[in-house]
Number of protein chains: 2
Amino acid sequence: MERADAARNRAALLAAATELIRERGIDAVSIDDVAAAAGVGKGTVFRRFGDKAGLIQAVVDSTAASWHQVASLDVRTAGEFAGQLFDHVLASLPLVIAVERTSARSCEANFQLTVDRLARLVGSTFNAHALLAVLRGEQIAFLLDQGMTADEIRAGVISLADTLAAGV
Amino acid sequence: MERADAARNRAALLAAATELIRERGIDAVSIDDVAAAAGVGKGTVFRRFGDKAGLIQAVVDSTAASWHQVASLDVRTAGEFAGQLFDHVLASLPLVIAVERTSARSCEANFQLTVDRLARLVGSTFNAHALLAVLRGEQIAFLLDQGMTADEIRAGVISLADTLAAGV
DNA sequence: GTAGCAACCGGACCGACGGTCCGCTTATTG
DNA sequence: CAATAAGCGGACCGTCGGTCCGGTTGCTAC
């Protein structure tokens, strides 16, 4: 059982980290920042979450941006799936980018699940990974930066998914 | 005109950096390492190359891994182009990954050139970026890590490029 | 209530890294 | 050979992720 103060601190840290990353992006957020914003000492962060990657993973898992949420989407076509994935990523871009940059844990179980599911829809594991490469947070941020609109990207992703699925 | 000793140091630094990155990967190579390996002081590195990103850019530009080289490839079909790109990336994986991780300079002129050329072959700018996303060093390293062979990836890339081109 | 204990806390501390600075050295030129 | 500007090296700095430990506090058993 987790002590009451510990639970309070965990919640405060998650909230602080989420907000800071959302508004500044992971590169401009240090652990000290998060600890200060949550009103706790730095040691507490590491006690709770192990390391920076652990904190970010916990943040993402506590939001709609994790593969866990994605794995339970109900969906028929490749295009539909890709569209949903895109919406998930876009809604939490800074968080997704943060987790991409810090964790090797994309290899977790739920990610594999998503890959397999996608592979069935688009004909091959390679194509599944190709689609996911296009859906990476950094890729989408880059395209937005290039001046593409979210709608254009969304359409492109869906069209790509359907094109791949058509060859099956 | 660059002084003789300066030129010698530049060459030594490029050689040292190239070798170290190739054998250890960028994450395990610090500027101090490079300076020591080249037998010069740390200040010299920054005098010559400005910052770490500048050094890596210079390393890549001095090899076959840069967009500059790629832009001058002579090629007919999307698949052929993609295959050549893949070979370039694979041959210098650690270098490509290094430059991806450190520079915002992927937006340089030669990169744009490649995007435009590819866009003509595969029908849209979005599709061009999608292909390039799949050809990123980190993506390829990830797939290799997952157990795919280079040949499988190469085939997948070419097939993807041709599929996209077919829709034009 | 209170005593005892384990879990917890905070922040001083550490090593590594990218980057700066400046007094000394050296290649170059006339 | 003298003058000078370019170059050099490594001590130094600020920041960051991560560790450590002496003091504190929530919980439980009596």
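Values below: all heavy atoms of this structure, side chains included; hydrogens, waters and symmetry mates excluded.
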Next on the checklist: If we count only N and O atoms by modelled type, under 3.5 Å, do the side chains of A:T44 and A:R10 hold a donor and an acceptor together?
Outcome noted: no

Item to check | No-hydrogen, no-angle side-chain donor-acceptor test under 3.5 Å, B:S30 and B:D33 | outcome: yes

Produce the list of close N/O pairs, under 3.5 Å, pairing protein atoms with atoms of nucleotides 26-29 of chain D; give distances to one decimal.
| from | atom 1 | to | atom 2 | distance (Å) |
| --- | --- | --- | --- | --- |
| D:dC27 | OP1 | A:A4 | N | 3.3 |

Checklist entry - Between B:L73 and B:L85, does a side chain to side chain contact (heavy atoms under 4.5 Å, CB included) hold up when you go through it step by step? => result CA-CA 9 Å; B:L73 287 176; B:L85 248 48; 4.2 Å; yes

Next on the checklist: Strictly below 4.0 Å: does A:N9 bring a side-chain N or O up to OP1 or OP2 of C:dC9?
Outcome noted: yes

Checklist entry - Any chance the side chains of A:S92 and A:R22 put a donor and an acceptor closer than 3.5 Å? => result yes

Checklist entry - At under 4.0 Å, does any side-chain N or O of B:R10 touch on OP1 or OP2 of D:dG7? => result no

Item to check | Contact state string [nucleotides 12-23 of chain D, B base, S sugar-phosphate only, - no protein heavy atom under 4.0 Å] | outcome: ----SBBB----

Item to check | Whole-Å gap separating P (C:dA16) and CG (B:D27) | outcome: 17 Å

Next on the checklist: Students often mix this up, so state it plainly: with edges at 30° and 60°, are the rings of B:F111 and B:H129 parallel, tilted or perpendicular?
Outcome noted: tilted

Checklist entry - Which pair of non-hydrogen atoms, one from A:V115 and one from A:A128, has the smallest distance, and what is that distance? => result O-CB, 3.7 Å

Checklist entry - Are any side-chain N or O atoms of B:E100 and backbone N or O atoms of B:G137, one a donor and one an acceptor, separated by less than 3.5 Å? => result yes

Next on the checklist: Between B:E152 (side chain only) and B:T149 (backbone N and O only), is there a donor and an acceptor less than 3.5 Å apart?
Outcome noted: yes

